[in-house]
Amino acid sequence: MIQQWWKDAKFGMFIHWGIYSVPAGEYKGVKTDNIAEWIMHDLHIPVGEYEKFAASFTGEHFDADKIVRLAKECGMKYLVFTAKHHDGFAMYHSKVDAYNTSITPYKKDPIRELKNACDKYGIAFGLYYSQAQDWHDPDGCEDGENGEGKDFETYFRNKCLPQVKELLTNYAPVKLLWFDTPMYMSAEQSKELKDFVLNIQSDCMISGRIGNGLGDYVTTGDNFIPLLPIGYSFEVPATTNHSWGYNKFDTDWICAKKIIRRLVKIVARGGNYLLNVGPRSDGSIPAECTEILKEIGNFLKYNGDSIYATVPIPPYPYDIDWGYFTYKSGKLFIHVFEDSDRVYLLNIHNKPLKAYLLKDKTPLAVKERCTCEGDSSWLIKLPPNRDKDIDRVICVEVEGEELEFEPIKR
């Protein structure tokens with residue numbers, strides 16, 4: 001069941017933190033050419049060797065309050081933390097499996113600290129759990145292996161289900177369980193897992209990657225945005241550089257301008273944006289990432305009304321390369337990403353009542369006319385962009401609850 005808080009939230013923080021942040025993209029002088037949290041798999045690190053990274057996982061600079069406060073300041077409404085990734089290491093004090101943070105110098109339970117901080121700042125709390133892939137468990141799935149010699153059912157019953165129960169009972173309420181890579185889980189196993197979750201916490205949402213079409217919403221491919229509205233709720237999980245877990249070699253950060261445009265594009269098409277941060281093994285978030293998030297937060301501070309609680313709209317009949325539309329009842333938001341002195345639009349059926357820049361309520365005039373071809377049109381002139389805003393958002397209050405676009409005439 002898709003809950004209203006998730007529909008309205010639009011923007012969330014993903015946190016990938018685990019012992020993969022110790023090698024940080026390099027093992028015995030070899031750099032991984034893939035995402036850093038997959039280093040055990042990609043560089044074929046033996047289980048016994050990978051386990052040794054736990055001894056260097058210090059977490060001395062991990063500050064859950066600071067991280068959640070950052071998420072709130074940056075306009076994020078929910079948070080999802082990696083309770084167990086594919087490497088099988090539990091980022092909490094699991095009684096099901098001793099392979100968890102209690103064996104590290106850090107020793108603490110980051111989930112407990114994050115849950116408390118989310119409750120404090122009013123951020124919806126979610127957890128990621130790799131339900132099928134587990135490279136530490138001899139019976140867990142692994143990409144590229146067909147399962148020969150493994151007893152997945154044993155892993156499923158002895159580790160997956162008991163740990164999911166721990167997470168749902170010890171940190172309740174968990175608003176969202178973000179499952180991942182169902183691999184060769186059967187429809188029956190996915191259904192059993194979903195029922196298991198809902199029997200413990202009936203209002204916990206479940207991500208699309210539980211598998212077999214049983215999620216509450218669609219989870220797109222990583223960093224992939226649907227071309228058009230797809231008719232149902234979706235979420236785009238995305239990175240701030242090119243890795244989820246911390247990679248010391250990856251300094252190719254995506255600028256705030258691109259991320260803001262992607263956020264608007266996703267919301268315009270009816271989706272949510274779950275943007276990742278990958279702390280170092282000491283728990284600190286790279287300064288470059290923090291600065292990007294703060295710039296996004298500054299945009300949302302003034303323009304959040306054009307993002308939160310907006311609703312899917314029909315596709316606009318023309319391809320406009322300078323921006324996007326978002327909408328909520330009676331308000332059309334026009335996002336202008338180019339430094340232009342005017343916006344000219346055709347084929348909007350609703351009558352404009354009032355227009356202004358959302359950031360500072362500067363009033364704008366909407367000149368309506370019927371073109372020589374018989375199309376309705378709006379012309380809105382803009383003042384100079386003295387603040388060099390990335391996205392100048394025009395709010396046009398319109399008649400009617402629903403937004404209507406007119407088709408292109410034949």
Side-chain angles (χ1 to χ4, degrees), residues 14-20 37 40-41 47 50-51 53-54 57 59 79-104 106-116 118 125-143 147 150-186 188-207 209-212 214-215 244-245:
F14 216 167
I15 303 175
H16 276 67
W17 196 39
I19 61 172
Y20 41 78
E37 71 280 5
M40 178 182 178
H41 168 83
V47 168
Y50 189 83
E51 288 175 341
F53 293 135
F57 189 77
L79 180 149
V80 178
F81 178 75
T82 47
K84 186 201 74 154
H85 209 275
H86 309 323
D87 62 357
F89 188 82
M91 289 295 294
Y92 67 102
H93 293 167
S94 174
K95 293 182 179 179
V96 174
D97 191 334
Y99 193 49
N100 65 64
T101 54
S102 63
I103 67 171
T104 69
Y106 172 61
K107 294 190 180 301
K108 298 178 183 179
D109 182 343
I111 294 182
R112 172 61 58 200
E113 296 182 2
L114 286 166
K115 176 66 167 64
N116 291 342
C118 283
F125 180 68
L127 290 170
Y128 168 109
Y129 187 86
S130 176
Q131 79 274 24
Q133 286 207 79
D134 191 313
W135 308 327
H136 187 262
D137 191 290
D139 290 315
C141 297
E142 183 167 2
D143 182 50
K150 292 178 178 285
D151 184 353
F152 178 75
E153 187 71 12
T154 295
Y155 157 78
F156 184 62
R157 305 221 166 269
N158 293 346
K159 186 172 183 181
C160 173
L161 294 179
Q163 284 194 330
V164 168
K165 182 178 181 180
E166 283 184 324
L167 296 172
L168 289 171
T169 54
N170 294 345
Y171 309 101
V174 176
K175 301 288 284 184
L176 169 64
L177 266 183
W178 214 97
F179 292 114
D180 198 14
T181 64
M183 299 287 291
Y184 43 74
M185 286 182 70
S186 67
E188 291 76 18
Q189 287 168 330
S190 294
K191 177 66 163 54
E192 181 178 353
L193 178 57
K194 180 175 182 176
D195 291 344
F196 184 81
V197 169
L198 298 180
N199 283 334
I200 299 172
Q201 193 172 311
S202 61
D203 59 351
C204 181
M205 285 185 58
I206 295 171
S207 77
R209 293 188 189 174
I210 190 172
N212 294 292
L214 292 172
W244 301 89

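The chain is numbered in sequence order, starting from 1. Side chains included, hydrogens not; waters and symmetry mates left out as well; all remaining heavy atoms used.
Minimum interatomic distance between Ala54 and Ile103 (heavy atoms only, all atoms of both residues): CB-CD1, 4.1 Å. Nearest heavy atoms, Lys84 versus Tyr155: NZ-OH, 2.8 Å. Among all heavy-atom pairs drawn from Phe179 and Val197, the shortest one is CZ-CG2, 4.0 Å. Taking all atoms of both residues into account, the shortest heavy-atom contact from Cys204 to Leu177 is SG-N, 3.7 Å. The two residues Ala172 and Gln201 have their closest heavy-atom pair at CB-OE1, 3.8 Å. Here the closest non-hydrogen pair linking Ala132 and Pro182 is CB-O, 3.6 Å.
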message = Run the ring pair (Phe, Tyr, Trp, His ring centres under 6.0 Å) test on Tyr50 and His136 for me, step by step, so that the C-alpha distance in whole Å, both residues' side-chain angles and the decisive distance to 0.1 Å come before the verdict.
response = CA-CA 9 Å; Tyr50 189 83; His136 187 262; 8.5 Å; no

ask   = Are Asp134 and Tyr99 close enough, and set up right, to give a side chain to side chain donor-acceptor pair (under 3.5 Å), and what steps lead you there?
value = CA-CA 12 Å; Asp134 191 313; Tyr99 193 49; over 6 Å; no

ask   = Going through the distances and angles, do Thr104 and Phe89 end up as a side-chain contact (heavy atoms from CB on, under 4.5 Å)?
value = CA-CA 11 Å; Thr104 69; Phe89 188 82; 3.7 Å; yes

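Although no hydrogens or angles enter the test, the distance criterion places no donor-acceptor pair under 3.5 Å between the side chain of Ser102 and the main chain of His93. Between the Glu142 side chain and the Gln133 main chain, no donor and acceptor come within less than 3.5 Å of each other. A distance-only check finds no donor-acceptor pair linking the side chain of Thr101 to the backbone of Asp109 [under 3.5 Å]. A distance-only check finds a donor-acceptor pair linking the side chain of Lys150 to the backbone of Pro138 [under 3.5 Å].
Applying the 6.0 Å contact sphere to NZ of Lys191 captures no more than 12 heavy atoms from other residues, nucleotides or ligands.
Rounding to the nearest 0.5 angstrom, the gap separating the CD atom in Glu37 from the NE2 atom in His85 is 4.5 Å. Leu193 CG to Leu198 CG: the interatomic distance, rounded to the nearest 0.5 Å, is 9.5 Å. Residue Lys115 holds its NZ atom at 9.5 Å from CG of Leu127, rounded to the nearest 0.5 Å. For the atom pair CG (Asn100) and NZ (Lys107), the distance works out to 10.5 Å, reported to the nearest 0.5 Å. For the atom pair CG of Asp87 and OG of Ser130, the computed distance is 8.5 Å after rounding to the nearest 0.5 Å. Note that OH of Tyr171 and CG of Asn116 are 10.0 Å apart. Values are rounded to the nearest 0.5 Å.
Counting only heavy atoms from C-beta outward, the side chains of Phe196 and Lys165 approach each other to under 4.5 Å. The shortest distance between side-chain heavy atoms of Gln163 and Asp97 falls below 4.5 Å. A 4.5 Å side-chain heavy-atom check between Thr181 and Arg209 finds every atom pair outside the cut-off. The closest side-chain heavy-atom distance from Phe152 to Gln189 is below 4.5 Å. Inter-residue side-chain proximity for His41 and His86 is flagged as unmet; no heavy-atom pair is nearer than 4.5 Å. Looking only at side-chain heavy atoms (C-beta outward), Glu192 and Arg157 come within less than 4.5 Å of each other. Side-chain contact check for Leu214 versus Ile206: every heavy-atom pair is 4.5 Å or farther apart. Residues Tyr92 and Arg112 are not in side-chain contact: their nearest non-hydrogen atoms beyond the backbone lie 4.5 Å or more apart.
Partner of Trp178 under the ring pair (Phe, Tyr, Trp, His ring centres under 6.0 Å) criterion, chosen from Tyr129, Phe14, Phe81: Phe14.
Between Trp17 and Tyr106, the gap from one ring centroid to the other is short of 6.0 Å.
Ion pairing between Lys159 and Asp139 fails under the 4.0 Å rule for side-chain N and carboxylate O.
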